[in-house]
Amino acid sequence: MSRGDEQSEAGESGAPEQLALIRETVRERKARQPRAKPRTWRNAERAARLPVARVLVDKGMVHLDRYFDYAVPAAMDEEAQPGVRVRVRFGAGEREGRREGGGLVNGFIVERRADTDFAGRLAPLAQVLSPEPVLGPELLQLCRAVADRYAGSLADVVQLAVPPRRARPEQQPSPRRLPRPDMPEPGGWSRYPQGPAFLAALREKAAPRAVWTALPGPQDWAVELATALATALAAGRGALAVLPDGKAAARLDAALTALVGEGRHVLLTADAGPEPRYRRWLAVRRGSVRAVIGTRAAMFAPVHRLGLVAIWEDGDAAHSEERAPQPHAREVLMQRAVTEQAAFLLGAHGCTVEAAQLVESGFARPLTAERETVRAVMPRVRTAAEGDEARDPAARSARLPSLAWRTARDALALGPVLVQVPRRGYVPRLVCERCREPARCRHCSGPLEAGAEGAALRCGWCAREVVDWHCGMCGGGRLRGSVFGARRTAEELGRAFPSVPVRTSGGEHVLETVPGGPALVVATPGAEPVPEGGEGYAAALLLDGWVLLGRPDLRAGEEALRRWLAAASLVRGHEAGGSVVVVAEETLRPVQALVRWDPAGHALRELADRAELGFPPVSRMAAVTGPPQAVAGLLEAARETGLPAEAEVLGPVPLPVPAAGRPRRPGDPPPGEQWERALVRVPRGSGAALASALKTAQVRRLTRREGPSAQLRIDPLDIG
DNA sequence: AGCACGCCGACT
DNA sequence: GTCGGCGTGCTC
């Protein structure tokens with residue numbers, strides 16, 4: 001037993017004498033019996049039929065990405081079925097029966113076989129952990145496809161797909177499956193010319209695929225998505241919806257419960273806690289529940305007879321898994337739609353370039369309302385220039401342009417007003433307030449960064465504190481970029497509208513809903529509460545647009561538009577007095593797209609730009625990151641392992657040093673090391689070859705230990 | 001990654 | 001002759 005375990009025991013048991021007693025007992029037990037080692041089964045009788053178990057060993061190392069055969073002791077014959085969790089000895093092998101060698105590792109049986117192609121003597125399975133077949137053939141196939149797509153190992157993907165075991169839920173039966181619900185009415189889908197046809201195809205168990213640009217409205221999307229899920233259920237098929245966060249998932253859950261009642265679907269989100277979550281996952285796996293609503297980990301949910309996969313707001317960064325090999329929910333669900341012949345529904349208020357690409361390539365059809373429908377239900381959207389400050393002194397100190405101030409004042413007579421302010425820390429860089437020159441460090445010319453509120457100004461490269469900054473160009477002494485946080489904005493607005501309650505939502509304190517009456521609701525993007533009563537906000541002010549637009553990222557425009565549309569969708573239509581003011585330069589493309597409410601058009605133009613630049617999703621990219629020789633070595637090896645001839649290597653370039661004080665993330669270089677990054681680009685059709693060549697090269701370098709290892713990332717997020 | 005095997009240099 | 005350095009390769 002390790003030190004850490006002893007310490008945690010001390011923490012729980014309190015009294016020191018008791019602790020000493022426990023230590024004694026542990027030591028005695030250790031001395032007498034070398035711990036409760038499971039039987040070795042070395043000479044045990046083997047299963048009569050199919051005595052070989054092919055096992056996926058649960059070690060993520062890419063160069064171990066294959067199966068291993070083990071002998072099945074007769075005593076385990078019945079339980080050792082494909083899909084169950086087992087423990088096996090793995091590592092330095094048994095030598096002439098002398099040593100047992102190797103530690104016990106977890107794994108999954110993927111197949112029972114009559115024979116093996118392994119020349120040596122098979123080691124026996126050590127233990128069947130539970131008879132629950134958690135990794136069935138369909139899920140295994142999906143994991144394999146995802147691992148290949150992302151140049152990762154099967155074991156890594158399986159770890160994402162199969163939740164850790166909990167004994168209690170496994171020992172309890174799942175509830176009986178309820179009969180199919182009634183077929184729902186199309187409802188809001190009738191507002192889309194192709195909507196009823198999409199539902200009809202679902203009813204007929206076909207596999208339609210659609211990119212759905214949802215009409216604005218605070219609740220409509222959830223009801224419509226629920227209708228699609230319920231239609232699949234009513235047709236006797238399973239359905240799965242993946243949403244970016246627990247809040248959105250809860251909304252869809254409520255909408256679906258209203259439609260089909262309880263017991264026919266489960267909510268798979270992290271905040272349920274591990275044991276209830278595993279219980280629900282098991283209910284899905286066992287087929288007693290056929291519909292799943294969840295956040296990204298639910299993308300692998302083993303739904304029986306899957307008829308529909310849906311993703312909401314595919315542009316949200318939360319859809320990208322952080323753990324290796326970082327699969328994206330949209331890609332995984334596309335894969336499932338194809339292999340499981342399920343319908344595919346990608347919905348959002350905005351439109352990503354990837355979604356536009358799905359339409360362009362013919363993978364999916366657009367599911368969009370007519371222009372006149374959009375115009376009828378959208379709020380009035382106007383732009384306000386930043387300089388155009390209000391005359392009202394309080395509004396001025398809240399940095400409200402006069403149009404924004406007037407709009408808020410008028411709308412407050414009708415209902416709540418949403419004020420969207422970018423998150424602090426989102427600011428790309430600090431600039432001189434007078435001449436807009438980026439603020440640089442006097443010593444190393446690195447970009448200056450404002451840390452947490454009240455913290456000193458620092459250089460993002462050398463971390464030196466800056467005490468008395470002056471602009472190197474014009475001598476100005478004031479910076480902009482230190483955007484007001486939501487709280488500060490709320491304070492200022494409170495002064496500008498003294499008789500109105502002000503609520504804030506963001507960061508640690510996210511509000512789900514707010515009362516429907518007049519109030520100012522200050523929220524950061526993604527944390528906008530929904531007004532109660534279903535009417536929506538009377539107005540929304542989208543402040544500091546330059547912050548969102550100014551990020552040094554290929555997606556800055558798309559992302560800004562996405563966040564604005566998400567907020568503006570919570571505002572009532574213009575006929576009901578709904579109004580949106582965006583504080584940003586009106587000539588910019590995303591701003592125009594918001595004013596015209598044309599996200600699909602915006603995405604198409606972005607897609608055309610990407611095509612011209614050869615950027616994803618028009619091409620497929622991989623990022624290779626690491627010490628210079630590792631990057632060079634991997635690229636060189638990949639040329640010998642089948643890198644497509646059309647592959648283009650961009651870079652390598654030095655990786656920017658992560659800002660001082662930011663917690664280290666996977667993919668960051670260790671402190672003091674200068675890493676590089678190269679991008680490898682291939683035409684879209686060669687993505688599989690790219691991933692496979694890089695993976696093979698990676699395996700080869702790891703097994704031969706040819707220098708330090710590099711990190712591999714397919715579809716890197718932060719390019720440009 | 002661990003971990004054992006193996007083939008050369010200083011030692012009882 | 002034998003112990004053990006860590007370079008190379010495998011893990012059913």
Side-chain angles (χ1 to χ4, degrees), chain A residues 2 34 37-47 49-77 79-129 135 140 144 147 151-159 323-325 625-627 629-630 633-634 637 640-641 666-667 670 695-712:
Chain A
S2 78
K37 198 188 297 172
R39 267 188 72 180
T40 61
W41 302 99
R42 199 181 307 129
N43 299 311
E45 191 195 336
R46 290 180 174 205
R49 231 177 71 80
L50 305 177
V52 175
R54 190 148 277 187
V55 171
L56 168 68
V57 174
D58 197 4
K59 288 206 151 193
M61 300 169 284
V62 272
H63 52 292
L64 278 183
D65 198 7
R66 58 205 167 97
Y67 300 133
F68 292 88
D69 287 345
Y70 285 84
V72 181
M76 296 182 201
D77 183 27
E79 292 199 326
Q81 294 304 316
V84 304
R85 298 181 216 251
V86 291
R87 283 173 84 72
V88 293
R89 298 213 169 268
F90 190 82
E94 206 169 339
R95 209 73 201 153
E96 306 304 320
R98 279 218 340 258
R99 194 191 296 89
E100 259 139 47
L104 282 170
V105 296
N106 291 332
F108 301 86
I109 296 183
V110 297
E111 193 187 350
R112 283 287 295 273
R113 299 171 57 95
D115 51 10
T116 175
D117 42 25
F118 181 61
R121 213 178 106 94
L122 294 186
L125 296 173
Q127 193 188 348
V128 174
L129 277 174
L135 183 62
L140 178 67
R144 179 75 268 168
S153 74
L154 178 60
D156 276 348
V157 179
V158 167
Q159 216 152 54
R323 289 170 291 168
T625 315
Q629 33 169 335
L634 183 61
E640 294 164 26
T641 53
K695 186 179 169 186
T696 314
Q698 177 88 313
V699 168
R700 213 179 74 175
R701 280 178 55 79
L702 284 172
T703 48
R704 297 190 191 167
R705 286 184 203 166
E706 296 170 338
S709 66
Q711 295 184 11
L712 210 50

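Just so it is clear, the structure is predicted and the values come from calculations on it, not from any experiment. Per chain, numbering begins at 1; letters A, B, ... match sequence-line order.
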Value in whole Å for how far the C1' atom of dA1(B) lies from CD of Gln698(A)
14 Å
When rounded to whole Å, the CG to P distance for the pair Leu64(A) and dA1(B) reads 11 Å
Enumerate all atom pairs, one protein N or O and one N or O from nucleotides 6-8 of chain C, separated by less than 3.5 Å.
none

Residues Asp156(A), Lys59(A): salt bridge by 4.0 Å N-O rule
no
Partner residues of Asn106(A) under the side chain to side chain donor-acceptor pair (under 3.5 Å) criterion, sequence neighbours left out:
Arg87(A)
Just the rounded figure in Å: distance from P of dC12(C) to CG of Leu104(A).
12 Å
Under 4.0 angstrom, heavy atoms only, what part of the nucleic acid is Phe118(A) near: base, sugar-phosphate, or nothing?
base
Roughly, in whole Å, what's the span from CZ in Arg89(A) to C1' in dG2(B)?
15 Å
Nearest whole Å is fine: how far is dC12(C) P from Tyr67(A) OH?
17 Å
Under 4.0 angstrom, heavy atoms only, what part of the nucleic acid is Arg113(A) near: base, sugar-phosphate, or nothing?
nothing
Side-chain heavy-atom pair Trp41(A), Gln127(A) within 4.5 angstrom cut-off
no
How many whole angstroms separate atom CG of Leu702(A) from atom C1' of dA1(B)?
10 Å
Tell me if a side-chain donor or acceptor on Gln698(A) pairs with a main-chain N or O of Ala710(A) at a distance below 3.5 Å.
yes
Between Phe68(A) (CZ) and dT11(C) (C1'), how many Å, whole number?
6 Å
Under 4.0 Å between a side-chain nitrogen and a carboxylate oxygen: does that hold for Asp77(A) and Arg46(A)?
no
Figure out the CZ/C1' separation between Arg66(A) and dT11(C), and round it to whole Å.
7 Å
Are a donor atom and an acceptor atom from the side chains of Asp65(A) and Ser153(A) found within less than 3.5 Å of each other?
no
